[in-house]
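The chain is numbered in sequence order, starting from 1. Values reported hereafter were calculated over all heavy atoms of this structure, with side chains retained and with hydrogens, waters and symmetry mates removed.
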Amino acid sequence: MTLGLGTGPGMGQAGGAAAFGPSAPTANPNLLLWTDDFSNAAWDKVQLLVTVDLATIPQTGQLADELQALNLNNRAGQTTTTGGTGADVTTVIPFLLVGWNRYSVTGTFSTGTYTFSLYAKDAGGGGAYVLRIASAGGFLRCTIENVLGDGDALCGSAQLEKAGTPTTYHPRNT
């Protein structure tokens with residue numbers, strides 16, 4: 001498991017690809033759906049309210065959604081159409097008002113190594129979130145979970161790719 005913090009201009013703008021940073025490698029396909037719209041039904045939500053396009057990411061001009069905790073154990077998740085078996089990987093990301101960053105978690109499953117990335121920042125309250133890739137019946141499940149029950153997050157985009165490190169972000173809003 002690895003935790004990455006972006007140092008470049010951030011993940012992409014709607015309608016096109018943008019690098020995570022100045023030296024980001026060529027993009028791999030994004031395996032998640034509706035990666036810029038956390039209110040979409042592709043993201044199942046538990047104890048979570050999503051406000052669409054609440055903020056603009058200064059570095060990219062991309063709009064970000066707010067994930068607002070309604071209670072403890074709130075989360076947003078998506079199960080992919082690609083699969084694998086293996087141990088779950090989790091990392092805690094303490095937003096704590098550090099500004100916009102790309103957070104990532106990487107795990108190796110029977111079908112390869114995958115990285116789940118999220119471009120986000122604290123929306124107030126200094127929450128702590130968990131990024132997780134889990135093996136779910138031969139598929140991979142990516143979740144964003146608030147582990148404190150308070151502190152909301154602004155999320156600009158998410159990506160799951162078959163790679164050991166994040167590459168150029170490609171929105172997938174279909």
Side-chain angles (χ1 to χ4, degrees), residues 1-6 10-12 14 17 20 24 27-50 52 57 62 64-69 72-95 100-123 127-148 151-174:
M1 162 180 62
T2 59
L3 168 63
L5 284 159
M11 289 169 68
F20 284 137
N28 293 309
N30 193 344
L31 303 174
L32 297 176
L33 300 173
W34 293 99
T35 58
D36 295 335
D37 182 1
F38 294 89
S39 69
N40 188 278
W43 291 96
D44 57 80
K45 294 159 279 296
V46 175
Q47 296 291 330
L48 195 67
L49 176 67
V50 177
V52 177
I57 300 169
Q62 177 189 3
D65 296 348
E66 179 184 42
L67 279 61
Q68 180 181 4
L72 192 58
N73 299 320
N74 56 79
R75 62 188 171 274
Q78 192 175 137
T79 302
T80 67
T81 57
T82 192
T85 57
D88 299 353
V89 291
T90 302
T91 190
V92 175
I93 49 175
F95 289 155
W100 288 102
N101 278 296
R102 176 191 31 87
Y103 300 92
S104 63
V105 61
T106 298
T108 301
F109 298 87
S110 62
T111 56
T113 300
Y114 294 84
T115 297
F116 174 38
S117 298
L118 175 70
Y119 196 69
K121 80 170 242 169
D122 178 54
Y129 276 70
V130 168
L131 287 185
R132 178 176 294 125
I133 307 174
S135 176
F139 300 97
L140 295 179
R141 177 158 179 76
C142 296
T143 57
I144 307 156
E145 181 176 353
N146 183 328
V147 294
L148 294 181
D152 305 329
L154 292 171
C155 297
S157 47
Q159 179 157 299
L160 175 68
E161 57 188 309
K162 191 171 183 177
T165 58
T167 62
T168 304
Y169 173 67
H170 277 269
R172 188 165 173 211
N173 291 322
T174 57

> Nearest heavy-atom pair of Ser39 and Asp65: which atoms, and what distance?
Replying inline: N-OD2, 4.1 Å

> Hey, are the side chains of Leu32 and Gln78 touching, using non-hydrogen atoms and a 4.5 Å cut-off?
Replying inline: yes

> Would you say Gln62's side chain and Gly156's backbone share a donor-acceptor pair under 3.5 angstrom?
Replying inline: yes

>> I want to check something: taking the side chain as every heavy atom from C-beta on, are Trp100 and Leu154 in contact at a cut-off of under 4.5 Å?
In response: yes

> Roughly how far apart are Phe38 CZ and Leu118 CG, rounded to 0.5 Å?
Replying inline: 5.5 Å

> How many angstroms lie between atom OH of Tyr103 and atom OH of Tyr119, to the nearest 0.5 angstrom?
Replying inline: 9.5 Å

> Nearest 0.5 Å, what's the CG-CG distance between Asn40 and Leu33?
Replying inline: 8.0 Å

>> side-chain hydrogen bond (donor to acceptor under 3.5 Å, both in side chains), that's the test. Do Thr85 and Ser110 meet it? Break it down for me.
In response: CA-CA 5 Å; Thr85 57; Ser110 62; 3.2 Å; yes

>> Taking the side chain as everything from C-beta on, heavy atoms only, tell me whether Glu161 gets closer than 4.5 Å to Thr167.
In response: yes

>> Rounded to the nearest 0.5 Å, what separates atom OH in Tyr114 from atom OG1 in Thr80?
In response: 7.5 Å

>> Can you give me the closest heavy-atom contact between Asn28 and Ala163, atom names plus distance?
In response: ND2-CB, 3.1 Å

>> When you compare the side chains of Arg141 and Thr79, does any donor N or O come within less than 3.5 Å of an acceptor on the partner?
In response: yes

> Any side-chain heavy atom of Gln159 within less than 4.5 Å of one from Pro166?
Replying inline: no

> Considering only heavy atoms from C-beta outward, does the side chain of Leu131 approach that of Ile144 to under 4.5 Å?
Replying inline: yes

> With no hydrogens and no angle check, is any side-chain donor or acceptor of Asp88 less than 3.5 Å from a backbone partner on Ser135?
Replying inline: yes

> So, the side chain of Lys162 versus the backbone of Thr111: is there a donor-acceptor pair under 3.5 Å, distance only?
Replying inline: yes

> Distance from Cys142 atom SG to Arg75 atom CZ, nearest 0.5 Å?
Replying inline: 14.0 Å

> Does Ala69 offer a backbone N or O that forms a donor-acceptor pair with the side chain of Asp152 under 3.5 Å?
Replying inline: yes

> How many angstroms lie between atom OG of Ser104 and atom CG of Leu160, to the nearest 0.5 angstrom?
Replying inline: 11.5 Å

>> Tell me the closest heavy-atom pair linking Phe116 and Thr143, and the distance in Å.
In response: CE2-O, 3.5 Å

>> Whether the Thr35 and Ser157 side chains hold a donor-acceptor pair (N or O, under 3.5 Å, no angle test) is what I'd like checked.
In response: no

> Is Arg172 salt-bridged to Asp37, going by a charged N under 4.0 Å from an acidic O?
Replying inline: no

>> Before you tell me yes or no, could you show the steps for Glu145 and Asn74 under side-chain hydrogen bond (donor to acceptor under 3.5 Å, both in side chains), namely the whole-Å CA-CA distance, both residues' side-chain angles and the distance that decides it to 0.1 Å?
In response: CA-CA 6 Å; Glu145 181 176 353; Asn74 56 79; over 6 Å; no

> Shortest non-hydrogen contact from Leu48 to Ala76?
Replying inline: CD2-CB, 3.7 Å

